[in-house]
Protein chains: 2
Amino acid sequence: MSLSLPNPFQSWFEKLASRSTLGGQEREAILRLPGHATQVQSNRDIVHLGERVDHASLVVSGLIGRFGQNSEGQRQIIAVHIGGDMADLHSVVAPDAASALQALSVTTILKVPHSALREVARRYPAIAEAFWRESVVDAAVLAEWVVNVGRRDARTRAAHLLCEMACRYEATDSDLGLSFDFPATQVHLADMMALTAVHVNRTLKALRDDGLANVRKRTVHILDWNGIVAAGEFDPTYLQIAKPANDNGSRLEARPRSLQVGST
Amino acid sequence: MSLSLPNPFQSWFEKLASRSTLGGQEREAILRLPGHATQVQSNRDIVHLGERVDHASLVVSGLIGRFGQNSEGQRQIIAVHIGGDMADLHSVVAPDAASALQALSVTTILKVPHSALREVARRYPAIAEAFWRESVVDAAVLAEWVVNVGRRDARTRAAHLLCEMACRYEATDSDLGLSFDFPATQVHLADMMALTAVHVNRTLKALRDDGLANVRKRTVHILDWNGIVAAGEFDPTYLQIAKPANDNGSRLEARPRSLQVGST
DNA sequence: GGGCGTCATTAACATTTGTTGGGCGACAAG
DNA sequence: CTTGTCGCCCAACAAATGTTAATGACGCCC
């Protein structure tokens with residue numbers, strides 16, 4: 001299980017460095033960033049809708065959801081963030097929150113001042129570019145969510161979400177590919193997938209009955225990776241997760257349907 | 001109608017400058033960017049899925065859609081871009097296209113080399129930040145689309161889309177607030193709203209019958225702005241469109257439901 | 001150890017949206 | 001002028017998902 005949470009900035013840096021070229025100086029600058037640790041209870045706002053923030057939130061452990069503007073009680077989770085994710089890096093350039101950030105479980109975050117982030121970005125252009133690229137990757141995930149919610153039926157949608165989370169958890173710890181703690185209730189899942197909670201229940205039952213995945217007690221067990229990838233029409237390229245150097249480090253066989261990341 | 005398309009870079013610069021602080025030098029740098037004009041026929045790809053591009057596409061006139069990865073024939077439009085939009089600025093930091101770009105009507109674009117964009121970003125940190133911010137605003141629009149597709153019924157969804165487009169067209173030309181050319185077919189609209197074309201037809205008829213909007217012949221006429229804003233639960237803040245200096249320049253009364261952009 | 005709240009589960013029924021199939025008008029090509 | 005295509009429009013029926021309501025399991029607090 002490795003001794004989780006070594007230094008939150010460490011794992012964030014690794015994620016940045018897997019997508020952007022960053023040197024030793026940049027590494028030092030990231031690792032020396034200031035941060036204020038905070039623990040948040042389940043279903044409590046981390047950032048309120050419309051609030052102007054002066055810091056970004058790095059998730060240390062737990063689970064965070066970004067909630068879209070709900071009109072008449074209807075909520076929609078726009079994105080989720082797990083340990084190692086900077087949940088609102090974009091707030092550095094857009095401090096007026098257009099959506100709320102809420103803990104989906106007991107979560108500990110590190111509040112990182114915008115001023116410090118701007119400072120490292122100003123000083124190291126490679127970091128500025130890496131920050132921009134992270135925002136772009138977040139947008140790519142968002143785009144995939146539009147497709148998921150818009151054009152896939154409940155079963156496919158659920159399978160796709162589970163595949164995405166499996167890949168993301170595995171990227172933080174290669175042990176977590178097929179079995180990971182995902183502390184979201186069925187109501188939360190409903191808000192992610194744009195379904196009702198009871199239909200989520202029906203759908204998860206179907207996946208369980210088909211031997212694809214067991215989502216229970218806030219833990220996800222993938223029982224048949226190839227099966228659930230097929231059921232979810234899942235292609236991980238949009239996540240822009242670099243392949244681990246030793247490719248048997250991954251329990252998850254990528255199976256792109258139509259495109260391959262260029263390797264030149 | 002103003003003499004449309006003065007200099008495409010001019011209108012793009014104005015949009016950038018409305019959200020970011022850019023000075024005279026930055027202005028010059030943007031205006032002097034190189035660009036290769038191209039005309040694209042309706043329903044032709046501008047960027048293919050998986051293609052690696054070395055330029056971004058600035059829309060001069062017409063309409064462009066970004067298409068999500070469709071699995072089994074099902075298509076989903078993730079975003080649309082009108083004149084004055086840089087359709088894939090994000091490709092500068094993520095050149096492998098995760099989604100296709102397609103013209104929805106006869107469209108003319110300006111291909112701007114990534115090298116030139118990187119150059120101005122490297123040279124002017126304020127431009128680098130402005131580019132990042134544009135990507136963040138695009139992501140905010142995407143987030144709103146997730147909500148729209150996920151949590152609003154067909155009627156609300158259509159009204160919301162029309163409101164969004166009205167605001168965006170008006171931002172490019174204040175005459176275009178209540179009546180604008182929107183050359184998307186009902187099939188395109190279906191792909192934007194995650195409905196079938198026949199249900200789009202039903203829905204537009206309902207909006208017409210209710211005296212809210214007339215969408216016909218690829219032209220949109222908003223008949224009752226307050227009515228359609230209410231029907232679409234529309235709050236324009238996510239678009240991050242600055243208010244014009246003389247506030248009676250706008251035919252569109254913003255009517256935020258729950259939050260106001262900070263004005264300090 | 002009992003009571004209480006949250007979460008998961010299921011059933012019966014209601015509603016929205018999709019599907020199929022057809023017709024009509026505009027327009028371009030022959 | 002004829003034919004074919006495309007886009008819009010509509011109706012009848014089918015399927016997916018939402019709604020409401022009830023129950024049981026579990027953990028927490030007093």
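Here is the naming used below: chain letters follow the sequence lines, and residue numbers restart at 1 for every chain. Computed from a prediction, not measured in an experiment: that's the story for all the values here.
Residues B:H188 and B:D191 bring no donor and acceptor atom of their side chains to less than 3.5 Å of each other.
Nucleotide C:dC27 holds its P atom 12 Å from the CZ atom of B:R218, rounded to whole Å. Spacing between atom CG of A:L189 and atom P of C:dA8 amounts to 8 Å, rounded to whole angstrom units. The CG atom of A:N201 sits 8 Å away from the C1' atom of C:dT10 (whole-angstrom rounding). Whole-Å rounding puts the A:N43 CG to C:dT6 C1' distance at 10 Å.
When DNA chain D is scanned 5' to 3' for any atom under 4.0 Å from a heavy atom of chain B, the first and last hits are D:dG7 to D:dA12.
In this structure, B:E233 does not pair ionically with B:R151, as no charged nitrogen and carboxylate oxygen lie closer than 4.0 Å. Salt bridge A:D153/A:R157: absent, no basic N to carboxylate O contact under 4.0 Å.
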Note to self: Apply side-chain hydrogen bond (donor to acceptor under 3.5 Å, both in side chains) to residues B:R155 and B:T203 and explain how you reach the verdict.
What the structure shows: CA-CA 6 Å; B:R155 178 193 168 85; B:T203 306; over 6 Å; no
Next item on the list: For the pair B:R168 and B:H81, evaluate side chain to side chain contact (heavy atoms under 4.5 Å, CB included) and give the outcome as yes or no after the intermediate values.
Entry: CA-CA 9 Å; B:R168 289 171 63 182; B:H81 294 288; 4.1 Å; yes
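Using cut-offs of 30° and 60° for the angle between ring planes, the B:F180 and B:Y169 rings count as parallel. Under the 30°/60° scheme for interplanar angles, the aromatic rings of B:H160 and B:Y238 are found to lie parallel.
Listed here is the closest heavy atom pair of B:I109 and B:S57: CD1-OG, 3.9 Å.
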Dump every N/O contact between nucleotides 17-24 of chain C and the protein below 3.5 Å, one line per pair.
unit_1, atom_1, unit_2, atom_2, d
C:dT17, OP1, B:A154, N, 3.1
C:dG18, OP2, B:T196, N, 3.2
C:dG18, OP2, B:T196, OG1, 3.2
C:dG18, N7, B:R202, NH2, 2.8

